[in-house]
Asker: 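Structure in structure tokens, see below.
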Amino acid sequence: MPLTMATAGHIDHGKTTLVEALTGKNTDRLPEEQARGISIDLGYAPLALPDGTQLSVVDVPGHERFVRTMVAGATGVDLFLLVVDANEGARPQTHEHLAVLRLLGVERRVVALTKSDVVDDETLELARAEAEELVPGAPVVAVSGRTGAGLDELREALASVARAQEHEGRDAPTRLYVDRAFTLRGIGTVATGTLWSGSVGEGDELRLEPRGRDVRVRSVQVHDRPVERAEAGQRVAVALPGVERRDLRRGDVLVAPGAYRPSYRLDVVLAELADVPARVHVHHGTADVLARVVRVGDRFAQLRLAAPVVAARGDRVVLRAATTVGGGTVLDPHPPRHASVERMELLERGETLVHAPERADGDWVWSQEWLEELRVDLDRAIDAADPLDPGVPIPAAEWAKAVVPHLGLERRGAKLYRPGAAAELGTRADAAAALEAQLGIEPVKVDDAALARFLEEQGRLVRVGDGYAISPAAYEQAHSILVDGITLAQFRDALGVGRRTAQMLLERFDADGLTRRVGDERVLRRRRPQ
Ligand SMILES: Nc1nc2c(ncn2[C@@H]2O[C@H](COP(=O)(O)OP(=O)(O)OP(=O)(O)O)[C@@H](O)[C@H]2O)c(=O)[nH]1
Ligand SMILES: [Mg+2]
């Protein structure tokens, strides 16, 4: 079974060197990384272990300014390899990376003491003792990325830890958090990420969230090799025809359609490392969004996000301010606005509490509270709508058909209105009067299209051309001089207007079914009953 593994550890402690020694691949591919001798972005390499286990390695940067990148690389992995320079011992990002991985719930781990080639035995034993204390129960292996010493033992240790467990969530609907997107010639846009759950194969229809766009997978690769179908627990690259490079970025997610929805609120049970401030960065999947923390009781919080994420119950989040301050486990990815300790406690005990619509045996179910929230939102949107068209679009969600009849709103076409709501001029009464005063036979430009439509419905003007209007009286006058077989020139002269005006009027008559154009002439048609 394939698994993913992230590296972890302080800057310069030898992560990238060790990954290269293990896999033969130098993951520092950016020119700036080579020039500065540090990792900046995530690196990827496949690692085949002696027992046949395939590991996808995600090499993370150690620099303190890139911890957010490290978090994006570490989400969804099955195990980690903590790299500690035997000479220096644990340093700040050794501790911070370890904390992040614990908050993410990654429990399987191995420690590598690197640069063993340049330390004496005593220093090495000190480093070993420190590591054993820091990561109790983990195998600690002294290695050298330079001489290759200890690598076989390290491979064995990785294999034994990998063997101990399966990738979780293999059977859940597909979720792939994008950590890289790029364009390949002849292939188009490609997104890569760690496949959290489900599988992804050629021809699959997926949804790109939080943009809400349907996409089709043209091809799938695992570490540069084409595969028909990739399983959870692997690094995966998918080609997405028709998607522009700029429409994709780290933090986006590809999901099985209908299985997950974006959310601006998450109810979580907190794991605090330090005081969690009122505003934090929430790291979830490969996304990093600002959020307000609304505390609920001692242990819970509602995270109000500045941008939506796609989460599921049980997911982990990492909370960061200047450094990592804590994390949380998602209790409800679509919670009510008013969070309560009682509700959170029930959820924590594993109860299922429906809030936002969910499908149960084919039917949609939702809470009364959720419906009220939706009503309030729609009420607000209607209040803010143009008084000339005081409606709101019907929600585009899958549940709309089931929910709309419960809203007490009136459906007209693709919009919802308050029962009996009529268009009103509101503050535009003066503008309407001023416009009416200008109208005659010469078309007047009207920029406010909604106003023109409204006044026309009221019989106060007639629209002609593209965004022009004349008075109803002028329309009638022009209509009265129509005779069968009239040409544009004759009509223009009889009316005493310019060619352009005459043209606009005749086109309107055509549109109204009064005339039909035959060659240069207009043939009269029987007037439609009014
Ligand atoms: N002697 C010796 N030097 C090593 C060993 N491993 C790494 N180095 C050196 O240590 C320096 C840093 O190594 P990297 O592998 O880039 O460290 P890193 O942890 O990936 O650094 P960041 O990604 O920037 O956090 C380089 O100059 C390496 O050549 C080792 O086992 N022995
Ligand atoms: Mg590195």
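We count ligands from 1, going down the list as the structure has it; atoms in each ligand are counted the same way.
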Asker: For atom 10 (O) of ligand 1, which protein heavy atom lies nearest, and how many Å away is it?
Answerer: Lys115 NZ, 3.0 Å
Asker: For Ser144, which residues count as a side chain to side chain donor-acceptor pair (under 3.5 Å) partner, sequence neighbours excluded?
Answerer: Asp117, Thr147
Asker: So if I count the atoms of ligand 1 from 1 in the order they appear, which ones are less than 4.0 Å from some heavy atom of Ile38?
Answerer: 24 (O)
Asker: Should you measure from each heavy atom of Asp117, which atoms of ligand 1 turn up under 4.0 Å away?
Answerer: 1 (N), 2 (C), 30 (C), 31 (O), 32 (N)
Asker: First locate atom NE2 of His95, then atom CG of Leu134, and finally report the distance between them rounded to the nearest 0.5 Å.
Answerer: 5.5 Å
Asker: Quick one: side chain to side chain donor-acceptor pair (under 3.5 Å) partners of Asp12, sequence neighbours excluded?
Answerer: none
Asker: Checking a contact table here: which protein heavy atom is nearest atom 13 (O) of ligand 1, and how many Å away?
Answerer: Thr17 OG1, 3.4 Å
Asker: Below 3.5 angstrom, do we get any N/O pair linking Thr114 and ligand 1?
Answerer: no
Asker: Can you find a heavy atom in the side chain of Arg211 that is under 4.5 Å from one in the side chain of Asp252?
Answerer: yes
Asker: Closer than 2.8 Å to the Mg ion (ligand 2), which protein N, O or S atoms?
Answerer: Thr16 OG1, Ser39 OG
Asker: Measure Lys15 to ligand 1 on non-hydrogen atoms and call it side chain, backbone, both or neither using the 4.0 Å cut-off.
Answerer: both
Asker: Listing request: all salt bridge (charged side-chain N to carboxylate O under 4.0 Å, His left out) pairs with a residue in residues 257-275, at least two apart in sequence or in separate chains.
Answerer: Arg265-Glu373, Glu272-Arg295
Asker: Report, in ascending order of atom number, the atoms of ligand 1 lying under 4.0 Å from any heavy atom of Gly145.
Answerer: 30 (C), 31 (O)
Asker: Check ligand 1 against Ile11 and write out every atom of the ligand that is under 4.0 Å from a heavy-atom position of the residue.
Answerer: 24 (O), 25 (O)
Asker: Hey, is atom 26 (C) of ligand 1 touched by any protein heavy atom at less than 4.0 Å?
Answerer: no
